[in-house]
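Just so you know, ligand 1 is whichever comes first in the structure, and atom 1 is the first atom listed for that ligand. Quick note: residue numbers are just sequence positions, from 1. Only a predicted model underlies this, so the values are computations on that prediction, with no experimental measurement involved. Below, all heavy atoms of this structure are taken into account, side chains as well, without hydrogens, waters or symmetry copies.
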Amino acid sequence: MSIRIVEDVASELLKLAATVLPGDVKEALERAYETETNDMGKAQLEAILENIRVAEERKLPICQDTGVICFYVRLGADFPVRKGIPEALTRATKRATKEIPLRPNAVDPLEERNTGDNTGRYTPYIHWELFDGDYLELTAFPKGFGSENMDKLLMMSPAKRLDGLKKFVIDTVMEANGKPCPPVIVGVAFGGFFDTVAKMAKKLLLRPLNEPNPVPELAKLEEELLKAINATGIGPMGLGGRWTALRVHVDYACRHPGAYPVAVAFQCWAARRATARIYPDGSVEYVTHEVG
Ligand code: SF4
């Protein structure tokens, strides 16, 4: 198997992510539109759905901010190709930037210079995971920064526990208001370390919206937080309404007795993600999108 297949699939995933939202996100937005009771909120959702339809039909980016690119790579221990994966993802990013096209969003902060092709130091960023299997799973995650800029992390006092976590989440949503382009998806992680809690919260934004959390206590907490967030009335695009968030995802890790890290990550309504699996025989399975 040639490394070229990794580049081709990654390039296709970037195109899919930029132009077609996954079915679960579209369904959640349609459900929000049908049940929104605020006229202004309903009009915003109507415009969002029209935007999604036109982007899909014309194969154009869903939003002008095509984000900064990161990939989540799950590498099976028996997958035959290893060498050159980061380089293939960089080439795919350059290709996609030119072909789709994507807005060049990678700025080198030392030189204060836009690199022009969405690549550069640690860009695209790659999250690696090894697992016991024979395939390679690639997820393209172009992240807009209207939502990313609103993310927050708190090394909370452990005395505050879950009540403190809930207050921090709601305060963070209230402060973000319309800036992350609601209705948003909210990832909440707690426990672990300063760096891991942020990674966990962000990775939660990749979870399908229509799958229940398998841990009953977390499912209950997600429901409670979603209800409280939607009671704020911030609404679609911050203009009022019952749909401020489509879904809250929660995960946790064990914590040090003297620490309680909490991270809140936002994804805007343009929840772009695309995943595919490459098998050892060269066949490709697209997980989030219908291709063919
Ligand atoms: S937050 Fe999302 S929808 Fe809003 S401008 Fe950025 S990418 Fe676009």
Looking at [atom], what's its closest protein heavy atom, distance included?
{"atom": "atom 8 (Fe) of ligand 1", "value": "C63 SG, 2.3 Å"}
{"atom": "atom 7 (S) of ligand 1", "value": "R272 NH2, 3.0 Å"}
{"atom": "atom 4 (Fe) of ligand 1", "value": "C181 SG, 2.3 Å"}

### Message
Check whether T93 reaches the backbone of R91 with its side chain - one donor and one acceptor, N or O, closer than 3.5 Å.
### Response
no
With heavy-atom distances below 4.0 Å as the criterion, list the atoms of ligand 1 near [X].
{"X": "G144", "answer": "7 (S)"}
{"X": "S147", "answer": "1 (S)"}
{"X": "Q64", "answer": "5 (S)"}
{"X": "G146", "answer": "1 (S), 6 (Fe)"}

### Message
Is the contact between K143 and ligand 1 made by the side chain, the backbone, both, or neither, using heavy atoms and a 4.0 Å cut-off?
### Response
neither
### Query
Take atom CE in M1; do more than 12 heavy atoms of anything else shown fall under 6.0 Å from it?
yes
#### Entry: N, O or S atom of C268 closer to atom 4 (Fe) of ligand 1 than 2.8 Å
no
### Query
For ligand 1, is K179 a contact, meaning one of its heavy atoms is under 4.0 Å away?
no
### Message
Ring of F131, cation from R74 - is the NZ or CZ under 6.0 Å from the centre and inside 45° of the axis?
### Response
yes
### Lys NZ or Arg CZ of K42 over Y33 ring: under 6.0 Å, within 45°
yes
### Task
For the residue pair Y72 and E129, confirm or rule out a side-chain donor-acceptor distance under 3.5 Å.
no
### Message
Side chains of N118 and N105 only: does a donor on one sit below 3.5 Å from an acceptor on the other?
### Response
no
### Query
Is the shortest distance from a Lys or Arg side-chain nitrogen in E50 or R53 to a carboxylate oxygen in the other one below 4.0 Å?
yes
